[in-house]
Protein chains: 2
Amino acid sequence: MSRDYRLSRMLHVLIHMGQSEKACTSQEIAAMLNTNPVVVRRTLAGLRDQGYVMSEKGHGGGWRLTRPLDQITLLDVHRALGPGALFAIGPSRDSPDCLVERAVNASMADAFARAEAVLIKELSARTLADIVDGMPHVARRKTHHGSRGHTP
Amino acid sequence: MSRDYRLSRMLHVLIHMGQSEKACTSQEIAAMLNTNPVVVRRTLAGLRDQGYVMSEKGHGGGWRLTRPLDQITLLDVHRALGPGALFAIGPSRDSPDCLVERAVNASMADAFARAEAVLIKELSARTLADIVDGMPHVARRKTHHGSRGHTP
DNA sequence: TCCCACGCTACTTTGCAAGTTACATTTGCC
DNA sequence: GGCAAATGTAACTTGCAAAGTAGCGTGGGA
């Protein structure tokens, strides 16, 4: 079962944006993430619509953060990416009228809801600035990406 | 992103086995889950290998529980299904040398680990018998499945 | 002996998000 | 004004892991 790497990727990208003076183009971000510029635009569109980034067309255009890193939580980003499932495991719907299936799904839903509550709490308690603060000192000023772009 | 319904399905099936006097065939279980008998055998093989069910060939053969429902937890079943991901979201590996990516993944890993710990705790604290106890009284004795098999 | 039933391999199909192509539109630079 | 940089978005293709399926082997009870 393939995984959803969008959250990790966007957190990565947003921190780089927060540390850059100029706008980042979709092409540059695509190179950073080993993907296609169109995929970058699709993903960032959600963050733009929720107000965390803004985009500009034309020369010198690209993407910029709209607020400081300490005002964006991991939960903010997760939610801006849209209603994707948190858990890979879900309730089956083979026999909706079956009382056993209902009871099983109810018990699972309760267990998963508790775990989700913890995850939501954890994600909302961390900002992008916290992630930067957790990095080695030298890295805060100059991340791995030099003038020659992201290391493949 | 498709979901993994095996846990829910197996919990469903195991409870029915626990309430049945006779063995359940792969064909019967497949009908219950709207799937193919081969898929049922594949999935139950893991539970058999871990000792929760046993299988018998030939007339009157099929699958049976090896222990009472109150001695099987949701975690037991989950683990018997093999190393599948709990979360749909994962760490990206676009730039393994990038310090930002590492910091992002470390922060996410910590948050997800806390949620996973809660889920593991919840799943290990519930048995299949607890699920049955949570059902309406009449349903405990005679679940929806009558002599004519599972309702589609 | 026959048929029930599991065991398992090998191959095909499916679902769906990413990948890709293509084109429209905006915008700053020269 | 022309050109190139850059986003926006539709439409189509691709990749891939798990389910679906066909087929055959083997054990075992009637």
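In what follows, chains are A, B, ... by sequence order, proteins preceding strands, each numbered from 1.
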| query | Between dA5(C) atom P and Leu44(B) atom CG, what is the distance in whole Å? | reply | 15 Å
| field | Side-chain touch Ile29(A)/Trp63(A), heavy atoms, less than 4.5 angstrom | value | yes
Quiz: residues 38-51 of chain B side-chain donor-acceptor pairs under 3.5 angstrom, not counting sequence neighbours:
{"unit_1": "Arg41(B)", "atom_1": "NE", "unit_2": "Ser26(B)", "atom_2": "OG", "d": "3.2"}
{"unit_1": "Thr43(B)", "atom_1": "OG1", "unit_2": "Val39(B)", "atom_2": "O", "d": "2.8"}

| Tell me: CZ of Arg9(B) to C1' of dA18(D), nearest whole Å? | 11 Å
| remark: When rounded to whole Å, the CE to C1' distance for the pair Met10(A) and dA17(C) reads 14 Å
| query | Would you say Ile89(A) and Tyr5(B) are hydrophobically clustered, going by side-chain heavy atoms of ILVMFWY under 4.5 Å? | reply | no
| query | Are any of the side-chain heavy atoms of Leu14(B) and Met17(B) separated by less than 4.5 Å? | reply | yes
| remark: Students should find that the hydrophobic cluster of Val118(A), defined by side-chain heavy atoms under 4.5 Å apart, otherwise consists of Val118(B)
| Taking five pairs at each end of the helix from dT1(C)-dA30(D) to dC30(C)-dG1(D), what angle separates the two helix axes (nearest 10°)? | 10°
| request: Round to the nearest Å and state the distance from Met54(B) atom CE to dG27(D) atom P. | output: 19 Å
| Should Leu81(B) and Leu7(B) count as side-chain neighbours, where that means a heavy-atom distance under 4.5 Å? | yes
| field | Residues which pass salt bridge (Lys or Arg N to Asp or Glu O under 4.0 Å) with Asp110(A), listed by chain and number, not counting sequence neighbours | value | Arg114(A), Arg126(B)
| query | Would you call Ser107(B) and Asp130(A) a side-chain contact if the rule is heavy atoms closer than 4.5 Å? | reply | no
| query | Which whole-number value in Å describes the distance from Tyr5(A) OH to dA18(C) C1'? | reply | 12 Å
| Which whole-number value in Å describes the distance from Arg6(A) CZ to dG19(C) P? | 12 Å
| query | Who pairs with Phe87(B) by ring pair (Phe, Tyr, Trp, His ring centres under 6.0 Å), at least two apart in sequence or on another chain? | reply | Phe87(A), Phe112(B)
| query | OP1, OP2 of dT20(C) versus side-chain N and O of Asn36(A): anything below 4.0 Å? | reply | yes
| task | For each nucleotide in nucleotides 3-9 of chain D, reading 5' to 3', give B when a protein heavy atom comes within less than 4.0 Å of its base, S when such contact involves only the sugar-phosphate, and - otherwise. | result | -BBBBBB
| request: Send over the distance from Leu47(B) CG to dC6(C) C1', rounded to a whole Å. | output: 15 Å
